[in-house]
Amino acid sequence: MKRIVKCMIATLTIAIAIFAFTACNDNNGEVVYEGTDVYGRTLGEIYDIDSEDTGVFRVPYEIGDTSAIGKTMISANCADYVTVEKTQSGYTLTFYCDDGMLGSVKVVRKSGKTQGKQGAADGYQSFTFEMTREELDSEISLECEVKIMNKVVEFSVTCDLSKAKLVG
């Protein structure tokens with residue numbers, strides 16, 4: 001009987017601890033960036049990309065040019081942000097998706113299609129593209145090979161640069 005009571009108390013204690021942690025976690029699962037970068041800028045704060053010389057920014061985006069089912073699938077399997085890195089030589093945009101979900105991602109431009117440089121970051125498969133400032137302000141058309149469907153799909157993303165958080 002003592003053993004059952006001890007087990008129940010331990011289970012209750014763990015449940016209370018999990019509840020307390022969840023209740024106190026007010027960042028809704030979002031990564032919290034703390035500290036400053038080498039220029040003294042506060043990480044996690046929203047910055048105007050145009051007023052900064054360099055930086056890596058986490059930027060939310062909206063999905064377009066696809067069906068409601070397509071939007072749902074993208075939302076379920078891809079990060080709800082892209083990163084935009086601004087350097088002295090230009091901009092790069094990195095798109096993130098669940099590992100192994102996509103075989104390739106290409107940006108579709110009037111001049112043709114550009115294959116993204118594939119990598120991995122933050123537990124995601126990543127695809128990085130060189131971009132112009134004008135492209136970042138407009139709808140960016142993407143073509144993706146979805147491995148599990150053995151199908152090529154197209155959609156677009158529109159970055160919300162007004163919500164660009166400095167992350168590096």
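Just so you know, these numbers use all the heavy atoms, side chains as well, and skip hydrogens, waters and symmetry mates.
Side-chain contact between V167 and F57 is absent, with no heavy atoms from C-beta onward closer than 4.5 Å. With a 4.5 Å cut-off on side-chain heavy atoms, T114 and K106 do not count as touching. Contact annotation: the side chain of M131 never approaches that of T92 to less than 4.5 Å [non-hydrogen atoms, C-beta and beyond]. Proximity of F155 to C144: side-chain heavy atoms (C-beta onward) are separated by under 4.5 Å at one or more points. Using a 4.5 Å cut-off on side-chain heavy atoms (C-beta onward), S104 and Q115 make contact. Residues C159 and L93 are in side-chain contact: their nearest non-hydrogen atoms beyond the backbone lie under 4.5 Å apart. Residues D137 and L161 form a side-chain contact, since some pair of their non-hydrogen atoms from C-beta on lies under 4.5 Å apart.
Note that CG of L136 and OG1 of T158 are 11.0 Å apart. Values are rounded to the nearest 0.5 Å. E145 CD to I148 CD1: the interatomic distance, rounded to the nearest 0.5 Å, is 12.0 Å. With rounding to the nearest 0.5 angstrom, the OG1 atom of T66 is 9.5 Å from the CD atom of E154. Between the OG1 atom of T54 and the CG atom of D37 there is a distance of 7.5 Å, given to the nearest 0.5 Å. Put simply, CG on D65 and CD1 on I140 are 12.0 Å apart, with the number rounded to the nearest 0.5 Å. Taken from CE in M73 to CD1 in I63, the straight-line distance is 11.5 Å, to the nearest 0.5 Å.
A donor-acceptor contact closer than 3.5 angstrom is absent between the side chains of T36 and R41. Judged purely by distance below 3.5 Å, without hydrogens or angles, the side chains of T94 and S126 never pair a donor atom with an acceptor atom.
Under 4.0 Å is where a charged nitrogen must lie from a carboxylate oxygen, and between R109 and E135 at least one such pair does. Salt-bridge check for D50 with R133: passed, with a basic side-chain N closer than 4.0 Å to an acidic carboxylate O. Comment: E52 does not engage K86 in a salt bridge, judged by the lack of any side-chain N to carboxylate O separation of less than 4.0 angstrom.
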Checklist entry - Would Y96 and Y81 satisfy ring pair (Phe, Tyr, Trp, His ring centres under 6.0 Å), going step by step from the backbone distance to the final call? => result CA-CA 8 Å; Y96 302 93; Y81 62 89; 5.4 Å; yes
Checklist entry - Given the rule in the side-chain contact (heavy atoms from CB on, under 4.5 Å) test, do V108 and L142 qualify, once you have shown the distances and angles that lead to the verdict? => result CA-CA 6 Å; V108 180; L142 299 174; over 6 Å; no
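Of the possible polar contacts, one joining the Y47 side chain to the T42 backbone as a donor-acceptor pair under 3.5 Å is found. Between the side chain of E143 and the main chain of V152, no donor-acceptor pair closer than 3.5 Å is present. Between the Q125 side chain and the G100 main chain, a donor and an acceptor come within less than 3.5 Å of each other.
No continuous path of ILVMFWY side-chain contacts below 4.5 Å connects Y124 to V59, so the two sit in separate hydrophobic clusters. Under the 4.5 Å side-chain contact rule for hydrophobic residues, V38 and Y33 do not share a cluster.
No more than 12 heavy-atom neighbours from other residues, nucleotides or ligands sit within 6.0 angstrom of CD on E62. Other residues, nucleotides and ligands contribute at most 12 non-hydrogen atoms within 6.0 Å of the CD atom of E130.
Summarising the geometry of A79 relative to Y61, their closest heavy-atom pair is O-OH, 2.6 Å, with the distance given to 0.1 Å. Across all non-hydrogen atoms, the minimal contact from V107 to F129 is CG2-CD2, 3.4 Å. When all heavy atoms of T132 and Y91 are compared, the pair lying nearest together is C-CD1, 4.3 Å. In this structure, A76 and D98 approach most closely via the heavy-atom pair O-OD2, 3.9 Å.
Results of the side chain to side chain contact (heavy atoms under 4.5 Å, CB included) test with L166 over I49, L43, I46, V56 single out L43 as the only residue that passes.
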